[in-house]
Amino acid sequence: MAKTKNDLSDWVDNYTSDLFSWAKHKVSNSELAADLVQDTFLAAAEKMDGFKGDSTPKTWLFSILNHKIIDHYRKKVNQQIPHENESLSRFFEPEGNWQESRKPKNWYDEEEEHLLDNSDFQVVLKKCLDALPEKWNLCVKLKYLSEKNGEEICQELEISTSNYWQIIHRAKLQLRECVDENWFNN
Amino acid sequence: MKKLMHILFLSCLKATELIEKKLHFKLSYTERLQLKVHKMMCDACRMYEKQSDFLEKGIEHQQKADLEEIDIEKLKKEIHLHLHHH
């Protein structure tokens with residue numbers, strides 16, 4: 001039996017809330033999550049003829065949403081970033097040792113756990129994360145967003161494992177320095 | 001001997017790379033050994049690892065932070081509208 005526009009309309013009323021919660025959990029951004037849910041229903045409208053009722057509408061919609069989420073990640077991860085190769089020479093001498101001025105210095109005046117609960121510190125950390133190029137920002141968060149391991153993430157996003165941890169390496173170097181300057185005043 | 005030195009001694013760039021890789025992938029036996037030897041000799045990279053681990057906890061912590069709520073009813077209306085125009 002062909003599904004009608006009325007069915008889809010009911011699904012919007014019934015499943016938007018669940019789809020949105022899931023998307024928000026996966027991308028940790030409300031606005032983006034809302035867009036992805038909207039795209040999901042638009043895609044569903046186009047593919048309506050292909051829905052045979054083998055699964056429940058809810059399962060079908062979630063599978064479309066999950067594809068949208070992975071597509072979004074894949075696009076971000078494959079972005080080209082200008083001057084990516086220069087980012088390491090900011091920290092290391094040509095032969096690979098720390099630049100004297102960039103060597104990590106001691107941080108711990110405060111207890112680690114207290115610091116994580118300190119909202120001022122969280123604000124600084126967030127600012128530093130947001131200052132990273134989008135692709136780097138995503139890569140350092142993916143482990144926690146997807147709750148998957150490195151191998152699985154790379155497979156899904158179609159990037160090589162070495163590419164993935166080299167991005168994370170650059171991102172963490174920059175993040176560390178930003179926190180160092182803006183919180184520990186080193 | 002020279003070959004052995006080359007295998008054992010990493011640059012700080014490579015050492016910090018392994019410190020990050022370790023958080024996502026299993027290191028090989030050689031990599032674990034290389035990193036261990038390097039950290040025994042290098043204060044800066046030992047410090048880096050401690051701070052990197054701490055930042056990792058911070059990143060995880062941020063993901064649990066509450067996100068701004070949005071009005072679901074409003075979102076539904078917008079979607080209905082878009083579907084209608086489709």
Side-chain angles (χ1 to χ4, degrees), chain A residues 5 8-9 12-13 16-17 20 24 28-31 33-34 37-38 41-42 44-46 88 91-93 95-98 102-108 112-113 115-117 121-122 125-126 129 140-141 143-145 149-151 153 161-162 164-166 168-169 171-173 175-176 179-180, chain B residues 6 9-28 31 38-39 41-86:
Chain A
K5 274 200 161 175
L8 192 59
S9 190
V12 173
D13 288 330
T16 294
S17 177
F20 174 72
K24 194 170 88 166
S28 81
N29 176 327
S30 301
E31 216 174 301
V37 172
Q38 188 158 308
F41 280 110
L42 289 176
E46 273 173 16
L88 287 178
F91 297 97
F92 300 102
E93 311 263 3
E95 70 278 15
N97 294 320
W98 287 101
R102 307 272 181 174
K103 274 188 180 172
K105 297 186 195 78
N106 203 6
W107 272 5
Y108 293 102
E112 220 180 79
E113 298 81 48
L115 204 48
L116 288 177
D117 289 328
F121 175 75
Q122 288 295 335
L125 181 60
K126 184 168 190 315
L129 276 165
V140 294
K141 288 178 180 171
K143 182 177 169 184
Y144 307 104
L145 288 173
N149 67 37
E151 305 281 354
I153 289 171
T161 52
S162 61
Y164 180 66
W165 51 259
Q166 280 163 8
I168 290 173
H169 183 217
K172 287 284 284 289
L173 282 163
L175 184 66
R176 197 208 68 82
V179 171
D180 194 53
Chain B
H6 186 72
F9 293 105
L10 290 177
S11 66
C12 295
L13 188 153
K14 284 284 163 204
T16 53
E17 207 171 82
L18 289 185
I19 288 168
E20 297 303 337
K21 187 181 177 186
K22 184 162 65 88
L23 294 168
H24 302 268
F25 300 96
K26 199 173 170 357
L27 296 186
S28 69
E31 287 173 327
H38 183 90
K39 282 193 294 180
M41 301 178 303
C42 180
D43 291 342
C45 285
R46 264 206 313 278
M47 195 80 80
Y48 178 89
E49 185 176 41
K50 245 170 99 176
Q51 295 175 358
S52 169
D53 287 348
F54 169 70
L55 287 173
E56 208 57 31
K57 282 183 205 155
I59 294 165
E60 190 172 11
H61 204 270
Q62 290 256 319
Q63 297 313 309
K64 292 183 201 146
D66 280 337
L67 293 166
E68 170 200 0
E69 279 303 323
I70 76 154
D71 185 347
I72 293 287
E73 290 311 314
K74 209 176 128 205
L75 177 61
K76 283 182 193 172
K77 271 196 201 117
E78 272 171 35
I79 296 173
H80 280 305
L81 206 68
H82 267 92
L83 286 174
H84 192 71
H85 287 300
H86 201 61

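The figures that follow rest on heavy atoms only: side chains count, while hydrogens, waters and symmetry mates do not. Chain identifiers are assigned alphabetically (A, B, ...) following the order of the sequence lines, protein sequences preceding nucleic acid strands; residue numbering begins at 1 within each chain.
Salt bridge annotation for Lys143(A)-Glu60(B): absent, with no cationic side-chain nitrogen under 4.0 angstrom from a carboxylate oxygen.
Without hydrogens or angle criteria, Gln51(B) side chain to Asn106(A) main chain gives no donor-acceptor distance under 3.5 Å. Between the side chain of Lys21(B) and the main chain of Trp165(A), no donor-acceptor pair closer than 3.5 Å is present. The backbone N or O of Phe25(B) sits nowhere less than 3.5 Å from a side-chain atom of Glu151(A) that would complete a donor-acceptor pair.
Only the side chain of Val179(A) has a heavy atom closer than 4.5 Å to any heavy atom of chain B. For chain B, the nearby part of Phe20(A) is the side chain; its heavy atoms alone come within less than 4.5 Å. Heavy atoms closer than 4.5 Å to chain B are found in both the backbone and the side chain of Thr161(A). Looking at Leu173(A), both its backbone and its side chain come within 4.5 Å of chain B, counting heavy atoms on both sides. Looking at Leu116(A), both its backbone and its side chain come within 4.5 Å of chain B, counting heavy atoms on both sides. Of the atoms belonging to Glu73(B), not a single heavy atom falls under 4.5 Å from chain A. Looking at Lys50(B), both its backbone and its side chain come within 4.5 Å of chain A, counting heavy atoms on both sides. At a 4.5 Å heavy-atom cutoff, the contact between Leu23(B) and chain A is made by backbone and side-chain atoms alike.
Once rounded to the nearest 0.5 Å, the distance linking CD of Gln62(B) with NZ of Lys126(A) reads 7.0 Å. To the nearest 0.5 Å, atom OG of residue Ser17(A) and atom CD1 of residue Ile72(B) are 4.5 Å apart. Ile59(B) contributes atom CD1, which lies 6.5 Å from atom CG of Leu125(A) (distance to the nearest 0.5 angstrom). Separating the CD1 atom in Ile70(B) from the CD atom in Glu31(A) is a distance of 9.0 Å, to the nearest 0.5 Å. Taken to the nearest 0.5 Å, the CZ atom of Phe41(A) stands 8.5 Å off from the NE2 atom of His80(B). Between Glu46(A) atom CD and Leu83(B) atom CG the span is 10.5 Å, to the nearest 0.5 Å.
Annotation: side chain of Thr16(B) is in contact with side chain of Trp98(A) (closest heavy-atom distance under 4.5 Å). A 4.5 Å side-chain heavy-atom check between Cys12(B) and Phe92(A) finds at least one atom pair inside the cut-off. In this structure, Gln38(A) and His82(B) have side chains that are in contact, with non-hydrogen atoms separated by less than 4.5 Å.
Atom NZ of Lys39(B) sits in a crowded spot, with more than 12 heavy atoms from other residues, nucleotides or ligands closer than 6.0 Å.
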message: If you apply the rule side chain to side chain contact (heavy atoms under 4.5 Å, CB included), what do you find for Leu13(B) with Glu95(A), and how did you get there?
response: CA-CA 9 Å; Leu13(B) 188 153; Glu95(A) 70 278 15; over 6 Å; no
message: Please evaluate residues Leu42(A) and Ile79(B) with respect to the criterion side chain to side chain contact (heavy atoms under 4.5 Å, CB included), reporting the C-alpha separation (whole Å), side-chain torsions for both, the decisive distance (0.1 Å), and the verdict.
response: CA-CA 8 Å; Leu42(A) 289 176; Ile79(B) 296 173; over 6 Å; no
message: Using side chain to side chain contact (heavy atoms under 4.5 Å, CB included), reason through Glu17(B) and Gln166(A) one step at a time and then give a plain yes or no.
response: CA-CA 7 Å; Glu17(B) 207 171 82; Gln166(A) 280 163 8; 4.1 Å; yes
task: Verify side chain to side chain contact (heavy atoms under 4.5 Å, CB included) between Asp43(B) and Lys103(A), making sure each step is shown before the conclusion.
output: CA-CA 9 Å; Asp43(B) 291 342; Lys103(A) 274 188 180 172; over 6 Å; no
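Between Asn97(A) and Ser11(B) the shortest heavy-atom distance is OD1-CA, 4.3 Å. Between Leu75(B) and Ala34(A) the shortest heavy-atom distance is CD1-CB, 3.8 Å. Closest approach of Glu20(B) and Lys172(A) over heavy atoms only: OE1-NZ, 3.0 Å. Closest approach of Pro104(A) and Ala44(B) over heavy atoms only: CG-O, 3.6 Å.
Remark: aromatic rings of Phe54(B) and Phe121(A) are close, center separation under 6.0 Å. You'll find the ring centres of His24(B) and Tyr164(A) inside the 6.0 Å limit.
A donor and an acceptor atom, one from each side chain of Thr16(A) and Lys76(B), are nowhere located under 3.5 Å apart.
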